[in-house]
> 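First, the structure itself, so that you have it in front of you.
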Protein chains: 4
Amino acid sequence: MAGYSASKEDLIKRLKRAEGQVRGIQRMVEDDVYCIDILTQVSAATKALETVALSLLDDHLNHCVAEATSQGGAVAEDKIREASAAIARLVRS
Amino acid sequence: MAGYSASKEDLIKRLKRAEGQVRGIQRMVEDDVYCIDILTQVSAATKALETVALSLLDDHLNHCVAEATSQGGAVAEDKIREASAAIARLVRS
Amino acid sequence: MAGYSASKEDLIKRLKRAEGQVRGIQRMVEDDVYCIDILTQVSAATKALETVALSLLDDHLNHCVAEATSQGGAVAEDKIREASAAIARLVRS
Amino acid sequence: MAGYSASKEDLIKRLKRAEGQVRGIQRMVEDDVYCIDILTQVSAATKALETVALSLLDDHLNHCVAEATSQGGAVAEDKIREASAAIARLVRS
């Protein structure tokens, strides 16, 4: 089971909505909609993905990391190094 | 015609790819893929959308803003205010 | 004269405040303040710098870019390419 | 002792450098340096602060969170909720 299993339904709902937003942006481009209105939608889709990422990360800390650190040792260190790298990618993206 | 008409095909290609990435993330969640691997894909999709936004903004400056400022006056000021607000939304998202 | 000459005083005030925030963060680290409280201050200082950047960019579009595009030609294109690159650095930082 | 005590010296060095960068940006504004060159420095200072934040967060996960989760219970949950909120602030700033 994945760390996010309790949020799975919510994550899929959010991702379907983000997919719909990205498809909507495609249609806007095809229909020559004004640049700024498209940019507003791109910002909204980016925020939606960010929310998905933060939710996944929270579940990851609460389950995978918490479990590993309760056992300690090298596995715990590895999990935290991995989580820190994922956080850095998010902050920098 | 929209400011991005010369990049239209490229924008749609990028957006189709981003849509595919978001759909791929959904499948990963459905298949209980490991959190960190999903997060990597979310960062990639976010970056893809950012690239779309920067391309749209560049076209907007090169066409809509450049045209308005070559005429000057209140329209030029409005266009720049609008562009600055869109940039702020991007930087903060 | 720089594009931001009308906002100069405001920019310096904001930068002095950001400098004070960064110095405050140093003291917090020296005093072993709790990590999360320091992180809150780092986010605040980052936002303060972002506001400075967005203000500079707005002035730049309103003056340097608007002036160049009102003349058109290669200079205008260069100015916009340069502005787009600066926006990309901000969005990705 | 704070979670970052082993990185304390390194953090202070980075913060002093960031402070110097912010002071340098003030001087650039005072000297009417070209907008784009200032923006480049603002992006650099923002990245420097981001690196400080990611380092603090990594230490926080490795020490404060790891310790709390090894004990489990409500304290562990609180620590993770707090860390997630700090990560969200960073990602959105």
Side-chain angles (χ1 to χ4, degrees), chain A residues 1-5 7-9 11-12 14-50 52-54 56-57 59-61 63-65 79 82-83 85-93, chain B residues 1-5 7-9 11-12 14-50 52-54 56-57 59-61 63-65 79 82-83 85-93:
Chain A
M1 262 193 13
Y4 52 83
S5 63
S7 325
K8 205 166 157 170
E9 220 176 310
L11 284 169
I12 289 178
R14 286 177 186 283
L15 285 163
K16 276 198 197 306
R17 212 179 307 141
E19 187 197 332
Q21 285 176 306
V22 176
R23 213 163 22 229
I25 298 167
Q26 273 169 58
R27 268 195 307 273
M28 291 171 100
V29 171
E30 272 157 11
D31 295 352
D32 299 318
V33 168
Y34 182 50
C35 327
I36 295 291
D37 295 330
I38 305 185
L39 280 169
T40 304
Q41 280 310 99
V42 178
S43 290
T46 307
K47 282 206 175 182
L49 288 179
E50 244 172 48
V52 166
L54 292 170
L56 276 166
L57 201 57
D59 284 330
H60 184 63
L61 294 177
H63 298 279
C64 314
V65 171
K79 282 284 167 217
E82 194 187 52
I87 294 166
R89 276 194 300 273
L90 274 180
V91 169
R92 289 176 175 142
S93 76
Chain B
M1 262 192 13
Y4 51 82
S5 61
S7 325
K8 206 166 157 170
E9 220 175 309
L11 284 169
I12 289 178
R14 284 177 187 284
L15 285 163
K16 277 199 196 307
R17 211 180 307 140
E19 187 196 332
Q21 284 176 307
V22 176
R23 214 164 21 231
I25 299 166
Q26 273 169 58
R27 268 194 307 273
M28 291 171 100
V29 170
E30 272 157 12
D31 296 350
D32 298 318
V33 168
Y34 182 49
C35 327
I36 295 291
D37 296 329
I38 305 185
L39 280 169
T40 305
Q41 280 310 99
V42 179
S43 289
T46 306
K47 283 206 174 183
L49 287 180
E50 244 172 46
V52 165
L54 293 170
L56 275 166
L57 201 57
D59 284 330
H60 184 63
L61 294 177
H63 298 279
C64 314
V65 172
K79 282 283 167 217
E82 194 187 51
I87 294 166
R89 276 195 299 274
L90 274 179
V91 168
R92 289 176 176 141
S93 77

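Reminder, nothing fancy here: chain letters follow the sequence lines and each chain counts from 1.
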> Heavy-atom distances under 4.5 Å only: say whether B:L90 touches chain A with side chain, backbone, both or neither.
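For B:L90, backbone and side chain are both near chain A.
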> Indicate the atoms forming the closest heavy-atom contact of B:D59 with B:S7, along with that distance.
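B:D59 and B:S7 have their closest heavy atoms at OD2-OG, 2.6 Å.
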> Measure A:I25 against the heavy atoms of chain B and call it side chain, backbone, both or neither at under 4.5 Å.
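Both parts, backbone and side chain.
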> Restricting to non-hydrogen atoms, name the atom on B:V33 and the atom on A:Y4 that form the minimum distance, rounded to 0.1 Å.
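Shortest heavy-atom contact: O-OH, 2.6 Å.
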> Does B:R23 have any side chain to side chain donor-acceptor pair (under 3.5 Å) partners at least two apart in sequence or in another chain, and if so, which?
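So B:R23 forms a side chain to side chain donor-acceptor pair (under 3.5 Å) with A:E19, B:E19.
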> Quick one: which of B:V22, B:V29, B:L49 has the most heavy-atom pairs under 4.5 Å with chain A, could you say?
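Winner by heavy-atom pair count: B:V29.
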> Please identify, among A:A53, A:A2, A:A85, A:C35, the residue contributing the most non-hydrogen atom pairs under 4.5 Å to chain B.
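Option with the top pair count is A:C35.
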> Only pairs at least two apart or in different chains count here, so list each side chain to side chain donor-acceptor pair (under 3.5 Å) that has a residue in residues 29-39 of chain A.
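Every side chain to side chain donor-acceptor pair (under 3.5 Å) pair that includes a residue of residues 29-39 of chain A, provided the two are not neighbours, is A:D32-B:K8, A:Y34-B:K79, A:Y34-B:E82.
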> For each of B:E50, B:Q21, B:K16, B:H63, tally heavy-atom pairs with chain A at distances under 4.5 Å, and name the one with the top tally.
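Option with the top pair count is B:K16.
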> Is any side-chain heavy atom of A:S93 closer than 4.5 Å to a side-chain heavy atom of A:R89?
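No. Closest side-chain heavy atoms not under 4.5 Å.
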> Tell me which of these, A:L57, A:I36, A:V52, has more heavy-atom pairs under 4.5 Å with chain B than the rest.
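When all of A:L57, A:I36, A:V52 are compared, A:I36 has the most.
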